[in-house]
Amino acid sequence: VNNYNQKLFSGGIRGYLHMLRFKWFGEQINAPENGYTLFELGCFDCRSLGFIPKPTQYVGADAGWENGLDEAQMNYAKVPWIELVHARSVHDLEKYRERRFDYSAALETLEHIPDHVLEGYIEFLAQVTTRRLVISAPVEVGPVFLVKHLVKRFFPGMESGDTDTYTLAEVFWATMGRADRVRRFEHKGFDYRTLVKLLDKHFIVTRVEGIPFKALPYLSFQVGIVAEPRVVS
């Protein structure tokens, strides 16, 4: 088990919360009898495949951090309906622009993409998706942020790369829901509400719900976002 999986999925409340997004994801994939195709951005080790009906074709793209993609390539090298691609920029996905997928997904991925290139990925997903885009993202604003930040700060082993970079003022502003006053880096300064606005430029956002508190996304640890393409091409 690599360090990422050990940290996130080894059990306890943290493991339980992180697994919830995959269960939620599985609920969003309504596979027709004749099968479906899926593109996943940020596939890591393709854990998501264990929670959905088998696609007829799956393309998983990942930047390759923490050896997740390497594990996927070892595990699925001989599976004919799985195609994996190492992509550290949207330009690495250029050859897939003419392909079409019933579903596309990005689970806990878009918060890691810098703001100045994020829209390029959204545009790509809008171009290749014909039925539904499914996204999960962390809540890094409001009271949930404060709880997570304090846990990461004071419990050994729970910290993340950006925990110590918050100033006291940034902790205050993030708690107040003002992510625009927080220097952006990975999870830090990420606001799922801003992501929803960006998605709305290219998709029709049909649902934003909390995971695990469906009706309370702002008070959940994660949010699930479902969107449909504005123009099917």
Side-chain angles (χ1 to χ4, degrees), residues 21-66 68-114 117-137 192 195-196 198-208 222-233:
R21 69 173 174 265
F22 293 105
K23 295 176 182 177
W24 175 84
F25 174 53
E27 295 169 359
Q28 314 309 314
I29 304 296
N30 303 318
E33 289 185 6
N34 61 345
Y36 71 102
T37 55
L38 171 64
F39 179 92
E40 183 175 7
L41 181 66
C43 64
F44 196 65
D45 61 359
C46 299
R47 179 184 290 263
S48 62
L49 289 174
F51 295 83
I52 58 176
K54 177 183 171 182
T56 53
Q57 186 180 51
Y58 169 87
V59 173
D62 196 86
W65 306 125
E66 301 204 44
L69 190 64
D70 292 338
E71 286 191 21
Q73 288 169 332
M74 285 189 292
N75 293 334
Y76 298 109
K78 296 181 179 180
V79 181
W81 51 272
I82 292 179
E83 185 178 348
L84 300 172
V85 56
H86 186 261
R88 290 202 173 180
S89 82
V90 73
H91 303 295
D92 296 327
L93 300 173
E94 204 61 37
K95 70 176 183 178
Y96 296 95
R97 282 192 183 274
E98 301 310 314
R99 301 263 292 270
R100 296 295 177 264
F101 300 87
D102 298 307
Y103 290 90
S104 60
L107 307 180
E108 309 294 302
T109 295
L110 300 182
E111 68 274 13
H112 295 286
I113 298 177
V117 294
L118 179 56
E119 188 162 9
Y121 283 93
I122 301 297
E123 289 173 345
F124 169 82
L125 292 171
Q127 186 172 350
V128 303
T129 307
T130 63
R131 186 173 178 187
R132 180 179 292 174
L133 169 65
V134 182
I135 292 170
S136 73
Y192 74 88
L195 173 61
V196 169
L198 179 59
L199 286 166
D200 196 51
K201 292 172 60 177
H202 303 279
F203 288 87
I204 300 168
V205 177
T206 60
R207 229 172 329 132
V208 179
Q222 304 162 77
V223 293
I225 304 168
V226 179
E228 297 175 358
R230 289 192 174 276
V231 179
V232 177
S233 57

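Annotation: side chain of V85 is not in contact with side chain of D92 (no heavy-atom distance under 4.5 Å). The closest side-chain heavy-atom distance from V90 to V117 is not below 4.5 Å. The shortest distance between side-chain heavy atoms of L38 and S48 does not fall below 4.5 Å. At least one side-chain heavy atom of R230 sits under 4.5 Å from a side-chain heavy atom of D200. Taking 4.5 Å as the limit, every side-chain heavy atom of Y103 sits out of range of all side-chain heavy atoms of I52. Using a 4.5 Å cut-off on side-chain heavy atoms (C-beta onward), V196 and I225 make contact. Side-chain contact between I122 and F203: present, with at least one pair of heavy atoms (C-beta onward) separated by less than 4.5 Å. A heavy-atom distance below 4.5 Å is found between the side chains of E40 and L107.
Note that OG1 of T109 and CG of D62 are 7.0 Å apart. Values are rounded to the nearest 0.5 Å. We find the CD-NE2 distance between Q127 and H202 to be 11.5 Å, quoted to the nearest 0.5 Å. Rounding to the nearest 0.5 Å gives a distance of 8.5 Å between OG1 of T130 and CZ of R100. Atom SG of C46 and atom CD1 of I82 lie 6.0 Å apart (nearest 0.5 Å). Within the model, atoms CG of D45 and CD of E66 stand 11.0 Å from one another, a figure rounded to the nearest 0.5 Å. Annotation: the span from W65 atom CH2 to H112 atom NE2 amounts to 11.5 Å, rounded to 0.5 Å.
T37 places a side-chain N or O within 3.5 Å of a backbone atom of D102 that can act as its donor or acceptor partner. E123 places no side-chain N or O within donor-acceptor distance of the main-chain N or O of Y121, the cut-off being under 3.5 Å. In this structure a side-chain-to-backbone donor-acceptor pair under 3.5 Å is missing from Q222 to A137. Remark: side-chain polar atoms of S104 are not paired, donor with acceptor, to backbone N or O of L133 under 3.5 angstrom. The main-chain N or O of V223 is never found under 3.5 Å from a side-chain atom of S136 such that the two would form a donor-acceptor pair.
Taking all atoms of both residues into account, the shortest heavy-atom contact from L195 to L118 is CD1-CD2, 4.2 Å. The two residues T56 and G35 make their nearest non-hydrogen contact at CG2-CA, 3.7 Å. When every heavy atom of Y58 is checked against every heavy atom of P55, the shortest pair comes out as CB-CG, 4.2 Å.
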Sequence neighbours excluded and cut-off under 3.5 Å, please list the side-chain donor-acceptor pairs for residues 22-32, or say none.
from : atom 1 : to   : atom 2 : distance (Å)
W24  : NE1    : E209 : OE2    : 2.6
Q28  : OE1    : R207 : NH1    : 2.9
Q28  : OE1    : R207 : NH2    : 3.2
Q28  : NE2    : W24  : O      : 3.0

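With sequence neighbours excluded, the residues that form a side-chain contact (heavy atoms from CB on, under 4.5 Å) with E228 are T206.
The only member of L93, V59, V128 that meets side-chain contact (heavy atoms from CB on, under 4.5 Å) when paired with R99 is V59.
Every pair passing ring pair (Phe, Tyr, Trp, His ring centres under 6.0 Å) that includes a residue from residues 81-101 is listed here, sequence neighbours excluded: F39-F101.
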